[in-house]
Amino acid sequence: MSLFLFARFVLFQYLSNDTYMTQEEDWDRDLLLDPAWEKQQRKTFTAWCNSHLRKAGTQIENIEEDFRNGLKLMLLLEVISGERLPKPDKGKMRFHKIANVNKALDFICSKGVKLVSIGAEEIVDGNVKMTLGMIWTIILRFAIQDISVEETSAKEGLLLWCQRKTAPYRNVNVQNFHISWKDGLALCALIHRHRPDLIDYSKLRKDDPIGNLNTAFEVAEKYLDIPKMLDAEGETARTDSTLSNLCISLLQLLEWIRRTIPWLENRVAEQTMRAMQQKLEDFRDYRRVHKPPRVQEKCQLEINFNTLQTKLRLSNRPAFMPSEGKMVSDIANAWKGLEQVEKGYEEWLLTEIRRLERLDHLAEKFKQKCAMHEAWTAGKEDLLSQKDYESASLMEIRALMRKHEAFESDLAAHQDRVEQIAAIAQELNELDYHDAATVNTRCQGICDQWDNLGTLTQKRRDSLERVEKLWETIDQLYLEFAKRAAPFNNWMDGAMEDLQDMFIVHSIEEIQSLITAHDQFKATLPEADKERMATLGIHNEILKIAQTYGIKLSGINPYTNLSLQDISTKWDTVSQHFVPLRDQMLQEEVARQQANERLRRQFAAQANIIGPWIQTKMEEISHVSVDIAGSLEEQMNSLKQYEQNIINYKSNIDKLEGDHQLIQESLIFDNKHTNYTMEHIRVGWEQLLTTIARTINEVENQILTRDAKGISQEQLNEFRASFNHFDRKRNGMMDPDDFRACLISMGYDLVSGRGEVEFARIMTLVDPNNTGVVTFQAFIDFMTRETAETDTAEQVMASFKILASDKNYITVEELRRELPPEQAEYCITRMTRYAGPDSPPGALDYISFSSALYGESDL
């Protein structure tokens, strides 16, 4: 658009908003917008907005409704500024609308425009006056502000430009933006100056303002693309208000002010927050309900007064001059006085409310602290008055003392709370609290209770300290009682254990020793009784202290589980029961041990005879088998006589067995009168019988050997002499070393390299069972084989015949009985069955065995 078109467009905007311009762009929207004028501005601003929104393909119908969601408002700002605004919120909730309007207002403020009393909530709520004010602010910033002529302001520059452009035209004198334009000639002249082809200025008449204005508006819209924002009739037709209505309104408003001021000057304070809040609520009702109509009335009165003066002036009539006291200035002064009183009343209300709020806060704080303190002190006086220490032990007394000390610390800590309660009560009195009497009564009760708690606390401490000292004395006595009672009780326990001990003695000496020890114990009883009495004295001292000072004893000594009753009962048990019982038991044992001693002596007398007799007989038999001279038959007869004498001695052994049975029944386990036990006697007797039988058997075997081998008596004597010589132990057997020495003495070469092998071979002959000894019979067999000539089959048969008792066969039992085991098994495995008619089952043929043994048969 050219400068001319833009200037004319802005001119039309100024013309449509001349009232704004006359008020220097700082008008009071609540006071200046009358309904007719407001309607004109809606129409003008709607047209202006649509002139820009049509470029974006949209428009508005209702200026206060269509801008409420902020979307078209943001679009309008983008069109007229050429800039992009932040992305709008798409929601339909109130907060979405407020957010969008705020984005538009923020954009306007970012362009250096100060928005006075215009908020997003008013726009969203459809406040017409705020919406119109916002649109006018946008017009000033984006359509007018940038106009500048010769460094003048926008308004002044535009006015100067219009004066220059219309200066040549008749009946045109532009001095302002309202009266100078009412006849329409200035608008037509401005259009004609730039486009003379559009208007024939010579045909225009000054007395036809409506025709002139309509011509200018229609040409501008049709040919110059300037929207029609004004109606000619709206600029020329204004409704007059009558003078009488104006006077009545003045009187009514003054009367209302005079009635209201005394109510606002009433400063009688209420005592409760509720009452003061009611006064504040009444004042708010006055502000919201009663005053706004009066404000509107005052505003309308001023508008009507100004309109009336203007119409009178345009009609060349004298100005209206109300009487003294009814002028608009009187209204203004009265209104100013009302607002001053109103401000003072509001300040007084707020001050009183703050004071009452402070009082309520202090009162609530006082109640809260009192409640906390009273809850803490509840039951404390009863606790401090208790005499629980009278039945407590020392440990419990000390625990009570520690607990009381903790309570004293807690009491001292609560001193601050009591002081705070007193300070709050004092402040409530100073602030003239309406219920100060109740506060004072409660505070006094708390202080009195606090003093009583202090007194009871000190009294309880004194009592606890006194009882603690008494209990320390009692505790020391308890400890001394425990120290004396424990060893004395242990002594009695030991005594009872000793007196009940099941003693076992085996002699008169041992029982006499026990009697002596028991007599020594009884000698200690008087001293023990003194110790018991001393312990009893300690207990009596404890009872005396408790009775004197009224202390309730629990009856339990903390240092011992022993009571005086335990000591007394145990003492009676020891002295009156166990000591006499022990005396009786010892005397009974003395009688028993005397009887046992007689049995010991009786047994010993016999054992000391039998034992040596058995030993003597053993030695005699040993000497008979070694030293007796004469033939083997003579030795046999002598040994038979010994055997008969031994058998005849059996009655003495049986008698000793009877005495031994009595000893066992009496549980006698030792006998100092003899070294012989019954077991020794039995073993010796059995050995004696075995020895005589074995010796007799050896002689019998020697006789058989002599007869079978043809050995003379001299050879047997020689063999016996050699064997006895090397039998160093004189037990009828030689060990391998003795046998080796015997062989070496007889000329055997057992020293050279093959000596060990040869000796081992000989040992297998004389000791086939590896017993480690060589018997006399084995020695005779060996020497017989070594000294006799080679045996013949007839000699072997003769030997077997002797073993078989002259039978032609021999049985297995006879072989095993007469021969060594190895030789017997050898013969049994090699002999064939005997086939004679008189043979029993299992009979063996020794004749064929002998023939085969010496090569005379194929066996």
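Bear in mind the structure is a predicted one, so any value in this text is a computation, not a measurement.
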- Please work out whether the ring planes of F45 and W136 are parallel, tilted or perpendicular, with thresholds of 30° and 60°. parallel
- Message: Quick check against the 3.5 Å criterion: does D66 have a side-chain atom that pairs as donor or acceptor with the backbone of E61?
- Response: yes
- Message: Can you confirm whether R259 is buried at CZ, in the sense that more than 12 heavy atoms of other residues, nucleotides or ligands lie under 6.0 Å from that atom?
- Response: yes
- Are K129 and E122 within salt-bridge range, i.e. N to O under 4.0 Å? no
- Any ion pair linking R68 and D125 (charged N to carboxylate O, less than 4.0 Å)? no
- Query: Which pairs, with at least one residue in residues 340-371 and sequence neighbours excluded, count as a ring pair (Phe, Tyr, Trp, His ring centres under 6.0 Å)?
  - Reply: W263-Y345, F283-Y345, Y345-W348
- Look at K367 together with E364 and state whether they make a salt bridge at an N to O cut-off of under 4.0 Å. no
- Task: Say whether Y286 and E342, considering side chains only, have a donor N or O and an acceptor N or O under 3.5 Å apart.
- Result: yes
- Would you check, one step at a time, whether the test salt bridge (Lys or Arg N to Asp or Glu O under 4.0 Å) holds for D200 with K203? CA-CA 6 Å; D200 186 357; K203 294 181 178 181; 3.7 Å; yes
- Using a strict cut-off of less than 4.0 Å between a Lys/Arg side-chain nitrogen and an Asp/Glu carboxylate oxygen, indicate whether K279 and D282 qualify as a salt bridge. no
- Would a distance-only check, ignoring hydrogens and angles, find a side-chain to backbone donor-acceptor pair under 3.5 Å from Q59 to N50? no
- Item | Salt-bridge present (K97, E121; N to O < 4.0 Å) | no
- Query: Does one side chain, of N212 or T215, offer a donor that lies under 3.5 Å from an acceptor on the other?
  - Reply: no
- Side-chain H-bond candidate by donor/acceptor type, D416 with Q420, under 3.5 Å: no
- Return yes if some donor-acceptor pair links the side-chain N/O of K165 with the main-chain N/O of R193 below 3.5 Å, else return no. no
- Query: Do R288 and D285 meet the salt-bridge criterion of a basic N to acidic O distance under 4.0 Å?
  - Reply: yes
- For residues N429 and N440, is any side-chain donor paired with an opposing acceptor at under 3.5 Å? yes
- Query: Would K72 and E65 pass as an ion pair if we require N to O under 4.0 Å?
  - Reply: no
- Query: Looking at V128, N127, T46, I123, which hits side-chain contact (heavy atoms from CB on, under 4.5 Å) with E64?
  - Reply: V128
- Query: Under the ring pair (Phe, Tyr, Trp, His ring centres under 6.0 Å) rule, what pairs show up with a residue in residues 87-106, not counting sequence neighbours?
  - Reply: none
